[in-house]
Amino acid sequence: MREVVVGNFSLKATLESGQLFRWHHGSNGFYHIVAGDSIIKVRQSGDKIEYDSSNTKFDVKKFLGLNHSYSKIIGSVSKDKVIAAAVKKHRGLRILEQDLWECTASFICSSFSNIPRIRQCIEKIAAAFGSRMEFDGIASSSFPQPQQITDFSRLKKCGLGYRAEYLFETARIFASSNGEYSKQQLQKLSYEEAKNKIMELPGVGSKVADCILLFSCGFYGAFPVDVWIQRTMVGNYGREITSFAAGRKPSEKVVAEFARGYFGEYAGYAQQFLFHNARTSRKTLPNKLNIGKVSELIVPSHKF
DNA sequence: CACCAGGTACTGT
DNA sequence: ACAGTACATGGT
């Protein structure tokens with residue numbers, strides 16, 4: 001078991017903010033994470049993090065985003081009271097650094113679905129194509145490599161619905177491309193180039209592409225716009241967006257363009273704060289969230 | 001039994 | 001470029 005002391009980190013907010021699907025909150029405050037072919041156990045008390053991994057080579061600190069300069073990031077995105085309130089409420093939320101392929105597969109599964117079912121699909125894929133493993137009393141399956149997903153009828157049974165074809169084809173492309181779809185190669189490209197590149201993959205549109213770039217490739221300016229972000233952005237920045245749009249409809253695309261420019265270099269971090277905030281506010285306060293006395297972060301419940 | 005869920009691909013204008 | 005629409009699946 002390793003121990004590190006880190007400031008500005010919330011394990012709970014980081015894991016539970018919807019970036020990652022394969023984790024469970026167990027006893028003794030430990031979270032168990034399955035990533036690739038590793039099982040990681042980790043818990044936090046105060047500034048102390050305790051962790052261990054089935055694979056000693058797995059860089060837990062890097063995976064958890066602990067190498068980022070947090071104060072620089074939140075200083076950079078805190079442009080107004082709305083985002084500042086979300087940052088304050090979820091202080092310590094970090095963007096993970098996931099494996100490119102696993103992240104891509106996961107977010108292909110995520111489209112037009114819901115989190116419980118996304119998790120279920122991913123678990124089924126792992127059970128069907130991965131290898132059994134066990135660590136710290138937790139039994140699970142590794143996430144399969146793309147070249148292991150060769151049986152389409154078997155993939156069909158994992159509950160992906162029509163996304164099965166997208167994932168199957170994307171797996172084939174990953175397996176047959178010579179490092180073209182690698183973190184290393186993508187990071188050589190500009191944001192726009194990298195995004196266009198991964199949008200060539202079936203099942204990867206604008207939103208999923210931004211999730212992949214943000215959660216696995218270190219493109220922290222990527223700003224994924226799903227229905228939650230769309231609502232919360234229009235609700236909180238309607239005026240600014242309208243002004244920015246200059247006559248255009250405030251579509252997801254326009255919102256993403258606005259947000260990337262407005263929040264800047266670490267817009268993706270802003271997105272994750274706003275997303276997590278919208279998700280966690282919904283049950284208690286459907287339409288409005290008051291954080292302290294400072295802000296009125298609105299989370300409209302209706303569609304626009 | 002409708003309706004919804006971290007959208008994408010395809011079509012027509 | 002941009003709006004409209006179908007889409008598998010499982011849960012309420």
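Each chain gets a letter, A, B and so on, in the order the sequences are listed, and its residues count up from 1.
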Check: For the base of dG6(B), is there a side-chain donor-acceptor partner from Q271(A) under 3.5 Å away?
Finding: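 Result: at least one qualifying N/O pair found.
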
Check: According to a strict under-4.0 Å criterion, is K207(A) in side-chain N/O contact with OP1 or OP2 of dT8(B)?
Finding: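 So the side-chain polar atoms of K207(A) never come under 4.0 Å of the phosphate oxygens OP1 or OP2 of dT8(B).
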
Notebook entry, point to check: OP1 or OP2 of dA8(C) less than 4.0 angstrom from a side-chain nitrogen or oxygen of R163(A), does that happen here?
Noted result: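 Indeed not, no polar side-chain atom of R163(A) lies that close.
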
Note to self: Taking only the P atom of each, what is the distance from dT5(C) to dC4(B) in whole angstrom?
What the structure shows: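 Going atom to atom, P in each nucleotide, I get 16 Å.
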
Note to self: Say we look at dC3(B) and dA6(C): how far apart would their P atoms be, to the nearest angstrom?
What the structure shows: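 Between the two P atoms, the distance is 14 Å.
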
Checklist line | H32(A)-H24(A) aromatic ring centre distance below 6.0 Å | finding: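 Ring centroids of H32(A) and H24(A) are no less than 6.0 Å from each other.
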
Give one of base, sugar-phosphate or nothing for [X], where a contact means two heavy atoms less than 4.0 Å apart.
X       : result
S106(A) : nothing
S206(A) : sugar-phosphate
G18(A)  : base
V225(A) : nothing

Check: Going by distance alone, is a donor N or O of one side chain under 3.5 Å from an acceptor N or O of the other, for S243(A) and E240(A)?
Finding: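 No, E240(A) and S243(A) have no side-chain donor paired with an acceptor closer than 3.5 Å.
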
Next item on the list: For the pair D226(A) and K207(A), find out whether any cationic side-chain nitrogen is under 4.0 Å from an anionic carboxylate oxygen.
Entry: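 Result for this pair is no, no salt bridge flagged.
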
Checklist line | Atom-pair distance (CD1 on I115(A); P on dG11(C)), nearest Å | finding: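 Going from I115(A) (CD1) to dG11(C) (P), I get 16 Å.
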
Checklist line | Rounded interatomic separation in angstrom, taking NZ from K253(A) and P from dA1(C) | finding: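 In whole Å, dA1(C) P lies 7 Å from K253(A) NZ.
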
Margin query: Pick the closest DNA chain B nucleotide for M199(A) and for N114(A) by heavy atoms, then say which residue is nearer the 5' end.
Written below: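 Final value for this comparison: N114(A).
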
Next item on the list: Compare the ring of Y162(A) with the six-membered ring in the base of dA8(C) and state whether they stack (centres under 5.5 Å, planes under 30°).
Entry: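 Not stacked: fails the 5.5 Å / 30° test.
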
Check: Counting only heavy atoms not in K183(A), do more than 12 fall under 6.0 Å of its NZ?
Finding: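 More than 12 heavy atoms, drawn from other residues, nucleotides or ligands, come within 6.0 Å of this atom.
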
